[in-house]
Amino acid sequence: MLVRRTVALAVVASALAAGCGSKGESASSTTGDTLKLGASLSLTGPLAREGGLTKEGYEVCRRAVNDKGGVRVGAKRLKLAVKYQDDTSKPDTAGQLIDQFNDQGVKLVLGPYGSAATEATAAVVERNGQVMADSSGADDTIFQKGYKRTFAVLSPARAYAASMVRAIDELAQPKPRTIAFLSADDGFSKTVTEGGVDEARKLGFKVVATEYFPNGASDVSSALTKVKPLKPDVIVSSAHLVEGIAVIKQSRELGVTPAGGFAETVAPPTPDFSGTLGKAAEGVLGSTQWTSRTVGKDRWIGTAGDYVTLFGKVYDGRKPEYHAAEATAACIALVDAVEKAGSTDADKVRDALAALDEPSFFGPLKFNSVGQNVSKTMEVIQVRGGKPVTVWPKDVAEAKLKWPAAGGRS
């Protein structure tokens, strides 16, 4: 009996030691010669397309870092690995998966797709003492809750529609006078719309309507029917891919034809937008976090043009869009912070991220006191011949704005 009891106690002690060690630096972030990051992503569900693009961006970072010898941590070089889990496009599930990563000792995480999931995971990251590089959670409300361990590489939500309004104000001839805003009713889209409305009024436009539709809706006809009799010069939509496609498609069906054209967040830069809408996509403006004309250079990727080349090598000649680019940038920010900290300890990496001030192919990586990247300018594209063409700001424009735009016209 004594022998059995002694063995049992030894087993328990060993298990407890392993459990404690799993959340320390040695087991968390490093296994042998590998630095492991965790990522909860929408690989199935309504946001699977955007989640897949985000994963592609993380994979480009992983390959680029490993091709250059890996991550230097003190005197060691570690290969970069990313462990993915599918959150099925559900914010609560994303938070649970981040908790699971923590239980496995993974303290350094890459953000999920979208503001709702990012907000859910940011709370968990804070509680667990993890650190998150946020690639696509732009909603300003995430950063108004006192979190100290989430850092977003992308421009804040209020810049999405505001950037398109500014581009129209600077470039459109004849200059439109009235704008109607359509928006999904999720937190991110509402924040985007608030920023756009404020910018429009500041610049002297008359906002004739602000209409909302359910997040993820493929039928937005009710909102369009309310806007139609107002005959706005421009319709600006804060929408994700499914909703953005619905706005253009159903505008044609209902005869909603603004004199100037349409502008939308998120959707127009993605290949699926033009691929689904065909000629109806022509002329639509879109706000984007990144284009191949973005100014900046880093040691992992090089320039924005180099990113296009690298992405094409990894993904059979395809061209990247901003979802992938912002994901790669978030991964680079976390890697750079590890190297600057000389450690994978979460507290040290957090401090290094907070102090980061680096150029990159994505633009500047620099965070304010609440973890937002307010130093980066968003860009505006216009769909031309089925492809996004940069038209604003002027210093990175590939072509002049075509105005009035043809998108959505019968």
Side-chain angles (χ1 to χ4, degrees), residues 42-54 87-94 112-120 136-139 141 157-158 160-161 164 179-197 207-230 232 234-258 261-278 280-281 284-288 321 323 383 407-408 410:
S42 301
L43 301 178
T44 60
L47 297 175
R49 178 57 175 155
E50 294 93 333
L53 294 170
T54 302
D87 61 32
T88 67
S89 301
K90 297 175 183 176
D92 289 347
T93 302
Y113 176 75
S115 289
T118 301
E119 184 168 3
S136 60
D139 193 347
T141 60
R158 288 182 64 87
Y160 277 68
M164 294 187 291
I179 301 179
F181 286 86
L182 304 181
S183 176
D185 62 4
D186 61 287
F188 163 76
S189 298
K190 287 181 176 180
T191 302
V192 168
T193 299
E194 290 169 4
V197 169
V207 177
V208 296
T210 304
E211 295 292 338
Y212 294 91
F213 46 78
N215 180 33
S218 57
D219 183 357
V220 298
S221 57
S222 177
L224 287 168
T225 300
K226 293 177 182 177
V227 166
K228 182 178 179 179
L230 303 174
V234 181
I235 294 178
V236 177
S237 301
S238 176
H240 295 93
L241 182 60
V242 172
E243 306 139 10
I245 289 172
V247 167
I248 302 301
K249 182 179 179 181
Q250 293 180 347
S251 290
R252 289 172 64 87
E253 295 169 353
L254 295 170
V256 181
T257 55
F262 292 87
E264 294 194 347
T265 63
V266 181
T270 65
D272 307 67
F273 184 77
S274 296
T276 301
L277 290 170
V284 176
L285 297 179
S287 56
T288 180
E321 45 72 72
H323 292 92
V383 178
S410 304

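It should be emphasised that the depicted structure is a prediction, and the values quoted were computed from it without experimental measurement. In what follows, every heavy atom counts, from backbone to side chain, and hydrogens, waters and symmetry copies are set aside.
- Judged by distance alone, with hydrogens and angles left aside, the side-chain atoms of Ser42 form no donor-acceptor pair with the main-chain N or O of Gly51 at under 3.5 Å.
- Nearest heavy-atom pair, Arg252 versus Ala280, reported as atom, atom and distance to 0.1 Å: CD-CB, 3.3 Å.
- Listed for the Lys228 side chain is a donor-acceptor partner under 3.5 Å among the backbone atoms of Leu254.
- Here the closest heavy-atom approach between residue Ala281 and residue Val383 is recorded as O-CB, 3.3 Å.
- Classified by interplanar angle (parallel below 30°, tilted 30° to 60°, perpendicular above 60°), the ring pair His240/Phe188 is tilted.
- Taking CD1 from Ile245 and CD from Glu243, the interatomic distance works out to 10.0 Å, rounded to the nearest 0.5 Å.
- When all heavy atoms of Ala239 and Gly244 are compared, the pair lying nearest together is CB-N, 3.6 Å.
- Exactly one of Leu224, Thr210, Val236 qualifies for a side-chain contact (heavy atoms from CB on, under 4.5 Å) with Leu182. That residue is Leu224.
- Taking CD1 of Ile248 as the reference point, atom CG of Leu277 lies at 6.5 Å (rounded to 0.5 Å).
- Taking 4.5 Å as the limit, every side-chain heavy atom of Asp186 sits out of range of all side-chain heavy atoms of Ser115.
- In terms of heavy atoms, Ala246 sits closest to Ser218 at CB-O, 3.5 Å.
- To the nearest 0.5 Å, atom CG of residue Leu241 and atom CD of residue Glu50 are 5.5 Å apart.
- Met164 has its side chain within reach of Thr265: a pair of non-hydrogen atoms, C-beta onward, lies under 4.5 Å apart.
- Taking each heavy atom of Ser287 and Pro269 in turn, the nearest pair found is O-CG, 3.7 Å.
- Between the CG atom in Leu47 and the CG atom in Asn215 there is a gap of 7.5 Å [rounded to 0.5 Å].
- Here the OG1-CG distance, from Thr118 to Asp139, works out to 9.5 Å after rounding to the nearest 0.5 Å.
- Residues Glu321 and Pro271 approach most closely at CG-CD, 4.0 Å, considering heavy atoms.
- Note: His323 NE2 to Ser136 OG = 7.5 Å, rounded to the nearest 0.5 Å.
- Between Ser183 and Val192 there is no side-chain heavy-atom pair separated by less than 4.5 Å.
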